[in-house]
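Chain letters run A, B, ... following the sequence lines, proteins first, then strands; residues in each count from 1.
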There are 2 protein chains.
Amino acid sequence: MAVTIKDVAQRAGVSHPTVSRALRGDSSVTLETTTRIQQIARELGYIPSAAARSLKTNRTRVVGVLVHRVSDPFYSRVIDGIQDTLHPNAYSIFLASTNNDRTRQAEIIRAMTERRVDGLILCSMFITPEYFREIQARGASVILLHNRAAKITPFTLYHNDRYGARQMTRHLLELGHTRIAFLGNTRAGRESAERLKGFKQELDAAGMTPNPRYIVHAAFGQPPAAAEPIQALLALAEPPTALVCFNDSLAIGALQVLHNAGKRVPQDWSVTGFDNITIAEFMNPPLTTFDQPKYSLGAQAANLLLRLMESPGTDDSTWNIPSLRGEILVRGSTAPPPH
Amino acid sequence: MAVTIKDVAQRAGVSHPTVSRALRGDSSVTLETTTRIQQIARELGYIPSAAARSLKTNRTRVVGVLVHRVSDPFYSRVIDGIQDTLHPNAYSIFLASTNNDRTRQAEIIRAMTERRVDGLILCSMFITPEYFREIQARGASVILLHNRAAKITPFTLYHNDRYGARQMTRHLLELGHTRIAFLGNTRAGRESAERLKGFKQELDAAGMTPNPRYIVHAAFGQPPAAAEPIQALLALAEPPTALVCFNDSLAIGALQVLHNAGKRVPQDWSVTGFDNITIAEFMNPPLTTFDQPKYSLGAQAANLLLRLMESPGTDDSTWNIPSLRGEILVRGSTAPPPH
DNA sequence: TAGTATCTTGCACACGTGTTCATCCCCTAA
DNA sequence: TTAGGGGATGAACACGTGTGCAAGATACTA
């Protein structure tokens, strides 16, 4: 069908191994022959078959990336970072989204295994240790990003949830707030639990005991999910004056609910987000949030994976796993409490 | 290295073609043998090699998707639609972003050609007719999405820019506005030009002549790019009272600039977006916009591509290309003009 | 001039799968 | 009993590329 290496060989009057070597820049081929073969290959529009090459070399130069949803504003930035790092290294990316569906995740990993990806970046919550080991046994390098069970492998990159939550809480304490609420995300599991833990720790450190009524949870991590828990907070006899949200999307949902209830942010309520998604600074008011280095996170994960794929088998924890802390960004959605 | 079809064959005491047939459910193999082979394959953890299969069948069941940036809130929803349509059909997706860089786009398409993708969904502006034909000549089915030069192939899905812009403009006219501005996006090329055309047409239809000073352009399509042109509008002796933006992101940028300038939306200025990205309804005020069926757009493109890949060679324009219109969503960012 | 070292190239095989065709076996009908 | 037929399986080859090894050509040295 398509033009193969043999076509080029025939046209050049050489054997196909010579063409193979010439195009790969093997120095054992005469410079003259090399340039002639390259010329002919270009004329014929020869493009080698990755499938055939992979079959022989046992490497695909493909990396699989798994997220729960591509349109998630957090992960889409992570993917940008992965893309920009892997592309210059001539790797292609299989991207798939699980939709938080275990069955679908299994199908995807199966497909990626059939395709013999060299590496895998998994941003899923559903990776068990056994699962991880099975994938690894098949020869693929694996990086976990943001995983619930962070102890499966040393090759896990995750932001410091507890640290971030403490930063946000401290900021509100420093502004003078005493009635501070926390809005978690049920679906985020460990991640949400960690941030709640940080929230409580910081209150403890300030000598305050967290009010259990101020700890509420959204069913998932998108703006509409904020409505119900925020209504509950508003209905309290003594509502809070500040709110630490699990992420920016929920904070944005909270802003809207508060606005509709006639509450002004930040005069009546202070609200903080988490992640610093692109849109956060363009909200009205601009969102005070914890800036996660999303792009860098993706880039670092990709870099780590590249190193791992180059030197497989070194499962030592002697590796220097970068840890990305992030930082607080104070914007317009927080202020001292009223009166 | 990995367990191959021959290992399964040996273990089952049959030849490898029998295993191949059994696992593909060929009826010529005894039911008994089939179940036994399947059992053994499962025990051994046999997973066929896509590379070897592709080499033989000349099909990869892989589709390449090209966008300018994954984190773009418009395309990331399109990708969701593509994903959810292709996954159940056992196709995998190569995702790559061009960053609006022609060289990088060429590298990506080259890589996808090496990988022998069965199909391609291109959301790029840089596809010339010759380029398109060359890709097609290599046997891949191609769908264009949102392309500047819509006439290259019948297999182009694009939303009706002109129609949408007319809708938005009419809405503002009906509210009583007479001083209406248009904020375009230089980088979007034809797309922006079409929307501007629709804007002008609707004004014409209302017997009004567009004021050239009210037509401004942003350098790119993200919120920060709105600052400069909006400042220019504010500096006019007689500034507009309404603004039709190229997309939601620019409208969001405009909202912030107006807010900082002490203008209230919608009391002083009405602002409209375009696309209805996820965040639009959670802005303050919620954005009046033109809802593009992004997810459906992706799903339709994928469906069309599936049909095209199943029956290659039929280049007829007898195909029924779906046309997706979209609809206006009136929310809080528009109101009658002041006084 | 012959022998040897070096450089260039081709032959043959392998990677893992699917497919065509031939073969073998068993069953049935004459 | 034998011929014929149909069903199950195996042998051989092909897909396009990379690689080890041998062979041929050339240059250099003794």
Please tabulate, one pair per line, each protein N/O and nucleotide N/O from nucleotides 25-27 of chain D that are separated by under 3.5 Å, including the distance.
none

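- What separates CG of B:Asp7 from C1' of C:dT17 is a distance of 13 Å, to the nearest Å.
- A:Gln38 meets the side chain to side chain donor-acceptor pair (under 3.5 Å) test with no other residue; sequence neighbours excluded.
- Regarding B:Glu114, its CD atom lies at a distance of 12 Å from the C1' atom of D:dT17, rounded to whole Å.
- Every residue two or more places apart in sequence or in another chain that forms a side chain to side chain contact (heavy atoms under 4.5 Å, CB included) with B:Arg11 is listed here: B:Ile40, B:Glu43, B:Leu44.
- Looking at residues two or more places apart in sequence or on another chain, you find a side chain to side chain contact (heavy atoms under 4.5 Å, CB included) between A:Asp101 and A:Thr103, A:Arg104.
- The stretch residues 39-72 of chain A participates, sequence neighbours left out, in these ring pair (Phe, Tyr, Trp, His ring centres under 6.0 Å) pairs: A:His68-A:Tyr75.
- The overall bend of the helix from C:dT1-D:dA30 to C:dA30-D:dT1, read as the angle between its terminal helix axes built from five base pairs each, is 60° when rounded to 10 degrees.
- In this structure, the CG atom of A:Asn58 is 12 Å from the P atom of D:dT19, given to the nearest Å.
- Going from atom CD of B:Gln10 over to atom P of D:dA11 covers 13 Å, rounded to whole Å.
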remark   = Once base and sugar-phosphate atoms are separated, protein heavy atoms under 4.0 Å mark nucleotides 6-13 of chain C, 5' to 3', with B, S and - as --SBBBB-

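- When the nucleotides D:dT17, C:dG16, C:dG18 are ranked by their closest atom to the side chain of A:Leu55, C:dG16 comes out on top.
- Here D:dT9 presents its P atom at 9 Å from CD of B:Glu32, a figure rounded to the nearest Å.
- Legend: residues meeting side chain to side chain donor-acceptor pair (under 3.5 Å) with B:Gln105, ordered by chain and number and at least two apart, are B:Ser124.
- Side chain of A:Arg24 to main chain of A:Arg21: no donor-acceptor pair is present (N/O by atom type, distance under 3.5 Å, no hydrogens or angles).
- With sequence neighbours left out, B:Thr18 forms a side chain to side chain donor-acceptor pair (under 3.5 Å) with B:Ser15.
- With sequence neighbours excluded, the residues forming a salt bridge (Lys or Arg N to Asp or Glu O under 4.0 Å) with B:Arg77 are B:Asp80, listed by chain and number.
- Here the P atom of nucleotide C:dA14 and the CD1 atom of B:Ile5 are 18 Å apart, to the nearest Å.
- Atoms CZ (B:Arg59) and P (C:dG18) sit 14 Å apart, rounded to a whole Å.
- Using a 4.0 Å cut-off between charged side-chain N and carboxylate O, B:Arg36 and B:Glu32 make no salt bridge.
- Partners of B:Asp118 under the salt bridge (Lys or Arg N to Asp or Glu O under 4.0 Å) rule, at least two apart in sequence or in another chain, are B:Arg59.
- The OH atom of B:Tyr46 sits 7 Å away from the C1' atom of C:dG16 (whole-angstrom rounding).
- Under the ring pair (Phe, Tyr, Trp, His ring centres under 6.0 Å) criterion, A:Phe94 pairs with B:Phe94, sequence neighbours left out.
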